[in-house]
Amino acid sequence: MLKKETIAECIRCGTCCMKGGPALHDEDKQIIDQGDIPLTALYTIRKGELARDNVSGGMIRLHAEIIKIKSRPDSSACIYFNDTDASCKIYDNRPVECRTLECWNTKKIESIYAQNRLTRCLVLKTVEWLTDLVQTHEAECSLDRIQVLVKNRESGDSTATCGLSEIINYDFHLRNLAAEKGKIAPDMHDFLFGRPLSELFSHQFGVKIEKSKPE
Ligand code: SF4
Ligand code: SF4
């Protein structure tokens with residue numbers, strides 16, 4: 001980001017957009033409802049996951065989920081960032097964090113940053129079966145549950161490894177089922193279920209997951 005003292009207004013350089021998409025807040029639901037941001041453009045960082053706190057700059061364990069706009073696969077830039085002219089592809093409908101950020105004066109963004117964050121249940125409010133699916137996955141694969149099992153495993157509890165395998169398998173099979181039977185596009189899974197547990201385990205707990213070989 002630019003040095004605070006060098007500018008007094010946004011010069012639309014795109015530096016903030018290249019660092020990743022914003023977290024969404026309740027008032028951003030309207031942008032989703034009107035179709036300007038599809039669910040395939042979003043992902044969820046679930047309660048209990050480690051995430052960077054953009055205000056403090058440190059990593060924190062989330063007390064509640066956050067929904068964010070995805071980054072491009074090749075970089076950390078927001079998927080709506082157009083780097084040919086450093087513009088935003090949804091500028092007129094950009095989320096509240098993007099409209100509020102003043103990199104030279106962070107007071108405004110700090111005042112809204114942790115307030116009224118959008119949740120999956122609020123986004124899916126009218127789609128009961130998808131809300132049920134999200135809640136069932138969350139109950140079976142909660143980070144609180146995983147955290148306890150990881151600790152027990154470290155303390156030598158041999159049953160904990162089995163418990164963790166069951167959770168990873170559940171996550172894997174539910175995603176497959178959602179795609180095959182529910183016809184839910186795979187690029188919507190990171191919004192509905194967060195990142196796959198096989199990825200999260202190595203990222204957050206340093207536990208490498210190896211698929212068992214077919215017998
Ligand atoms: S708010 Fe973002 S786009 Fe505007 S000047 Fe700061 S870094 Fe650049
Ligand atoms: S939505 Fe637009 S303004 Fe916001 S981070 Fe993405 S590209 Fe930047």
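This one's a predicted model, so the numbers in the text were calculated from it and none came from an experiment. Every number for a ligand or one of its atoms is a count from 1 in the order of the listing.
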Seminar exercise, completed: A student checking ligand 1 against T15 at a 4.0 Å heavy-atom cut-off should list atoms 7 (S)

Output side-chain donor-acceptor pairs under 3.5 Å for residues 177-187, partner residues at least two apart or in another chain, one line each.
unit_1, atom_1, unit_2, atom_2, d
K183, NZ, E180, O, 3.0

Exercise. In terms of atom number and element, which parts of ligand 1 are under 4.0 angstrom from non-hydrogen atoms of I11?
Worked result: 5 (S)

Problem set entry | Flag, side chain of H25 to backbone of Q115, donor-acceptor distance under 3.5 Å | yes

For this session: Examine R117 relative to Y113 and say whether NZ or CZ is less than 6.0 Å from the centre of the six-membered ring and inside a 45° cone about the ring axis.
Result: yes

Problem set entry | Structural part of R12 in contact with ligand 1, heavy atom criterion under 4.0 angstrom | backbone

Problem set entry | ligand 1 atoms in contact with I7 (distance to a heavy atom under 4.0 Å) | 5 (S)

Exercise. Is it true that D144 and R61 make a salt bridge, defined as a side-chain N closer than 4.0 Å to a carboxylate O?
Worked result: yes

For this session: Look at E138 together with K47 and state whether they make a salt bridge at an N to O cut-off of under 4.0 Å.
Result: no

Problem set entry | Lys/Arg cation over aromatic F205: R153, 6.0 Å, 45° cone | no

Exercise. Any donor-acceptor pair under 3.5 Å linking the side chain of Q204 with the backbone of L50?
Worked result: yes

Problem set entry | Count of N, O or S atoms belonging to protein, less than 2.8 Å from atom 8 (Fe) of ligand 2 | 1

Problem set entry | Flag, side chain of E65 to backbone of R120, donor-acceptor distance under 3.5 Å | yes

